[in-house]
Asks: 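Submitted below is the structure of interest, expressed as structure tokens.
Since the structure is predicted, the reported quantities are computational estimates derived from the model, not experimental observations.
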Amino acid sequence: MLPLSWKRLHAGLGMLLLAATLPVAVIALSPDPVRAADPVTVLTSDFEDGTAQSWAMRGTAEVVANSTAAAYGGTRSLLTSGRTAAWNGPSRSLLSTVTRGVRYTYSVWARTATGAGTAQLRMSVERRLGTTVNYEQVVNSTNVTESGWTQLTGSYTLANDADFFAVYVETVSGTASFHIDDFTLSYVPASPIQTDIPSLKTVFANDFPIGAAVGRSELLAEHGQLLAKHFNSLTPGNALKWDATEPTEGVFNYTDADAIVAFAKANGIKVRGHTFVWHQQTPAWVFNDASGQPMTATAANKTLLLARLEAHIRAVGTRYANDIYAWDVVNEVIDENQSDGLRRSTWFNITGLDFIRTAFRVARQVAPNAKLYINDYNTNVAAKRDKLYALVSQLKAEGVPIDGVGHQMHGNVDWPTGADVDAMIAKFIPLGVEQQITEMDTSIYTSSSESFTTPPAERLTRQAARYKAWFDVYRKYKANLTSVTLWGLADDNTWLDSYPVSRKDFPLLFDVSLQAKEAYWAIVGTTSPSASASASASASPSASPSRSASPSPSPSASASPSPSRSASPSPSASTQPVGCRVTYTITNQWNNGFQGDVTITNLGGAPISGWTLRWTFANGQVINQSWNGSYSQTGANVAVTNAGWNGTIAPGASQGFGFLSSWSGTNTKPTLFTVNGTDCTVA
């Protein structure tokens with residue numbers, strides 16, 4: 001999920017047969033998938049006529065005006081200056097331009113004004129109906145400089161009724177002046193879905209329900225047809241989270257959740273609820289004390305916070321008691337880097353384990369027929385699953401009504417392996433709990449530095465192999481798995497497009513035109529009609545974990561699914577590097593936090609076997625989570641040690657890790673790094 005809770009075939013892919021465990025069926029082979037139509041542009045803004053072309057300020061103080069100081073194309077752009085708040089920026093009404101249910105691509109070029117330095121920009125939409133206002137992110141936080149132009153591009157579907165709808169550009173923080181130019185709004189005419197291919201829900205009818213996480217836009221037109229054809233379970237991806245259902249204390253909004261549940265009922269689809277309790281996407285008021293200040297760990301605040309939790313679950317859980325068959329009651333409470341394995345969220349810091357106990361107790365009372373799950377990511381990693389196992393064992397021994405464990409399964413084309421997944425499921429069988437795969441996706445990327453406009457065939461083949469390896473394990477444990485859910489419906493709308501960096505990802509079974517991909521045919525167990533007879537996939541790759549993603553931490557974002565981190569470290573002997581280079585990148589930054597990604601490159605002639613990277617923060621930054629490495633921090637001093645799988649750095653090779661950290665006021669990058677005590681150059 002978000003700040004969000006989104007993770008081989010053997011030779012002869014083109015010759016796969018239906019698995020013997022599947023029901024015998026005659027499969028009508030479809031023609032080649034429909035080629036995507038050319039985009040249709042419905043609006044452009046190039047500012048060459050000397051006007052603002054209907055763009056206007058969002059605030060009351062900034063100036064939005066045509067400018068000749070810089071231009072991406074031609075000689076003019078739109079400059080926003082005199083800003084007094086981060087949300088001040090240029091806005092353009094689109095209410096009479098867009099059609100409800102059509103997925104549009106929004107694109108604009110941006111740069112900061114001369115002398116303004118670097119800023120993080122993002123593009124969002126604002127929609128209103130009456131007095132209800134919603135802000136949803138189209139393009140995640142993106143670094144923009146004064147030295148050149150950067151393109152912001154993303155997609156959005158207006159799925160709700162609105163009497164006001166506009167796109168706008170803002171900064172994540174600060175008030176830097178910036179230019180925009182060559183805005184375009186376009187769409188690709190929808191392709192019909194393939195009606196003559198096997199339905200996933202039929203293929204897996206004797207194994208487990210198959211689900212997808214959806215928003216309201218996935219209920220419409222071809223998306224709704226695809227959802228109804230293939231899936232017999234769904235999860236509202238964001239519509240049931242706390243920020244969506246109770247943004248203000250005691251004021252509830254069920255518009256999107258009701259629409260999704262109604263669609264499910266009409267199409268005979270089961271609904272999973274996600275989620276009552278999470279450390280992300282929880283409104284700020286929940287963690288403010290009686291005087292409106294951030295809570296500290298006092299008895300009075302514990303009582304207040306648990307009372308708010310109970311009231312929220314009673315309201316939401318009661319409303320859907322007859323409609324939702326399973327709930328992710330608590331989400332992402334494990335931090336394997338802590339000695340007790342528990343995430344130091346505000347929930348935990350104020351209440352200890354009592355927020356978990358309260359959530360399950362109240363959920364059982366208001367939804368007595370629902371199965372109650374504890375849900376987390378990277379449970380395929382031994383350290384993580386062991387800590388989760390210990391927590392579930394303890395709580396069940398106390399009588400806490402935990403019915404099941406949810407495994408998110410955000411992965412990529414190289415990780416995790418089938419063996420990892422096998423060990424994950426097998427671990428929890430002795431506890432006697434149900435298990436579900438809750439948020440599965442498979443990124444085509446293995447590092448934050450990669451970006452593809454279209455997915456390379458080689459990546460799609462590796463992706464297909466990864467999906468097949470996982471589904472082979474799921475079928476093996478079908479007596480223990482009661483559902484498998486993908487975190488999304490098709491590649492045209494995935495949270496991974498904005499995390500860990502803004503780029504197009506292709507992690508699901510259906511492509512951007514809603515056509516079945518190689519991965520779909522791999523898990524169905526037959527050959528794609530359009531596959532070349534010579535197509536084949538490589539043997540199962542070696543495990544080389546890479547973080548899959550976490551939420552989009554932007555407060556105005558339409559939040560994404562759960563973060564996925566890689567394995568925790570195991571110590572190993574280390575050798576001194578002869579030379580090293582460190583690249584430290586702030587890939588995302590929001591009001592009180594940021595994401596950092598660090599790459600270590602071995603410039604020497606011998607391998608580095610085991611590494612610890614050290615640096616000192618200058619502005620009081622505090623790391624609160626890491627992946628692909630284990631961190632410790634004393635004051636401003638940070639040390640990160642390799643994970644079990646990435647301790648060796650060959651000559652000329654690189655290894656990386658990432659972290660989430662708090663910041664306030666200033667976020668200066670460190671200037672000195674050492675690996676195993678040796679100074680490194682800084683890229």
Side-chain angles (χ1 to χ4, degrees), residues 117-120 140-145 147-148 150 172 412 414 443 445-452 498-503 544-550 553 565-566 569 574-589 593-619 621 623 625-633 636-643 645-661 663 666-683:
T118 300
Q120 283 199 317
N140 198 6
S141 308
T142 304
N143 285 330
V144 174
T145 71
S147 61
T150 300
V172 177
N412 66 37
D414 286 344
S443 173
Y445 297 110
T446 59
S447 76
S448 295
S449 62
E450 296 179 320
S451 181
F452 303 116
S498 61
Y499 191 88
V501 294
S502 293
R503 61 187 175 187
S544 178
S546 175
R547 169 179 52 84
S548 289
S550 131
R565 309 287 188 250
S566 294
S574 64
T575 59
Q576 292 290 103
V578 174
C580 50
R581 180 176 64 244
V582 171
T583 304
Y584 178 102
T585 305
I586 298 172
T587 54
N588 206 347
Q589 182 169 294
F594 72 96
Q595 175 190 330
D597 281 282
V598 180
T599 300
I600 305 168
T601 301
N602 182 1
L603 302 180
I608 299 173
S609 298
W611 49 264
T612 296
L613 179 70
R614 300 181 186 275
W615 74 85
T616 300
F617 278 129
N619 308 118
Q621 300 96 324
I623 294 179
Q625 189 174 356
S626 67
W627 52 93
N628 299 355
S630 179
Y631 78 93
S632 62
Q633 182 170 355
N637 299 317
V638 177
V640 179
T641 301
N642 62 272
W645 55 268
N646 64 355
T648 298
I649 311 178
S654 301
Q655 294 287 4
F657 64 89
F659 63 88
L660 298 180
S661 176
W663 73 288
T666 304
N667 188 17
T668 305
K669 294 182 180 181
T671 57
L672 177 64
F673 297 87
T674 65
V675 170
N676 300 342
T678 296
D679 291 351
C680 297
T681 60
V682 181

Asks: Looking at R581 and L603, what are the two nearest heavy atoms and their distance?
Replies: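 Looking at all heavy atoms of both residues, the closest pair is NH1-CD2, 3.4 Å.
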
Asks: Any idea which heavy atoms bring S451 and R503 closest together, and the distance?
Replies: OG-CB, 3.6 Å

Asks: Which atom pair, heavy atoms only, marks the closest approach of I586 to Q120?
Replies: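 The pair with the smallest heavy-atom distance is O-NE2, 4.2 Å.
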
Asks: Looking only at heavy atoms, what is the nearest atom pair of G629 and S626, with distance?
Replies: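 Nearest pair, atom of G629 first, then S626: O-OG, 2.8 Å.
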
Asks: Under a 4.5 Å cut-off applied to non-hydrogen side-chain atoms, are W615 and V582 in contact?
Replies: no

Asks: Once the angle between the rings of F659 and Y584 is folded into 0 to 90°, is it parallel (under 30°), tilted (30 to 60°) or perpendicular (over 60°)?
Replies: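 Ring orientation, 0 to 90° scale: tilted.
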
Asks: Can a donor-acceptor pair be found, under 3.5 Å and without considering hydrogens, that links the side chain of Q633 to the backbone of A639?
Replies: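 Checked: no pair found.
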
Asks: Can you tell me how far the OG1 atom of T678 sits from the CZ atom of R614, to the nearest 0.5 Å?
Replies: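 Going from the OG1 atom of T678 to the CZ atom of R614 covers 12.0 Å.
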
Asks: How many angstroms lie between atom CH2 of W611 and atom CG of N642, to the nearest 0.5 angstrom?
Replies: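 Nearest 0.5 Å value for the CH2-CG distance: 5.5 Å.
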
Asks: List the steps, then state whether side-chain contact (heavy atoms from CB on, under 4.5 Å) holds for T599 with T601.
Replies: CA-CA 6 Å; T599 300; T601 301; 4.2 Å; yes

Asks: So, taking the atom named CD in Q655 and the one named CD1 in I600, what distance separates them when rounded to the nearest 0.5 Å?
Replies: 8.5 Å

Asks: Is N602 reaching over with its side chain to a backbone N or O of G652, donor-acceptor style, under 3.5 angstrom?
Replies: no

Asks: Mind running side-chain contact (heavy atoms from CB on, under 4.5 Å) on Y631 and T641 for me, showing each step along the way?
Replies: CA-CA 6 Å; Y631 78 93; T641 301; over 6 Å; no

Asks: Would you say the side-chain atoms of S502 and N140 include a donor-acceptor pair closer than 3.5 Å?
Replies: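 Note: S502 and N140 side chains miss the donor-acceptor criterion.
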
Asks: Find the distance between OG (S447) and CG (D597) and round it off to the nearest 0.5 Å.
Replies: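 Atom-to-atom, S447:OG and D597:CG are 9.5 Å apart.
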
Asks: Less than 4.5 Å apart, any side-chain heavy atom of V682 and any of T671?
Replies: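 Answer no - side chains too far apart.
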
Asks: Quick check: do T150 and T145 have side-chain heavy atoms less than 4.5 Å from each other?
Replies: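 Answer no - side chains too far apart.
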
Asks: Find out whether T612 and N676 are in side-chain contact, i.e. whether some heavy atom of one side chain is under 4.5 Å from a heavy atom of the other.
Replies: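 Answer yes - side chains close enough.
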
Asks: Centres of the Y445 and F452 rings: under 6.0 Å?
Replies: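 Ring-ring flag for Y445/F452: true, centres closer than 6.0 Å.
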
Asks: Is there a side-chain contact between Q621 and S661, using heavy atoms and a 4.5 Å cut-off?
Replies: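 Counting from C-beta outward, Q621 and S661 do come under 4.5 Å.
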
Asks: Step by step, work out the side chain to side chain donor-acceptor pair (under 3.5 Å) result for N637 and T616.
Replies: CA-CA 5 Å; N637 299 317; T616 300; 2.9 Å; yes

Asks: So, T666 and T668: side-chain donor and acceptor under 3.5 Å apart, yes or no?
Replies: no

Asks: Can you tell me how far apart OG (S448) and CD (Q595) are? Round to the nearest 0.5 Å.
Replies: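 Result: 6.5 Å between the selected atoms.
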
Asks: Just wondering, do N667 and F594 contact through their side chains at under 4.5 Å, heavy atoms?
Replies: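 Yes - at least one pair of side-chain heavy atoms lies under 4.5 Å apart.
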
Asks: Is there a side-chain contact (heavy atoms from CB on, under 4.5 Å) between L613 and V598? Walk through the geometry before answering.
Replies: CA-CA 10 Å; L613 179 70; V598 180; 3.6 Å; yes

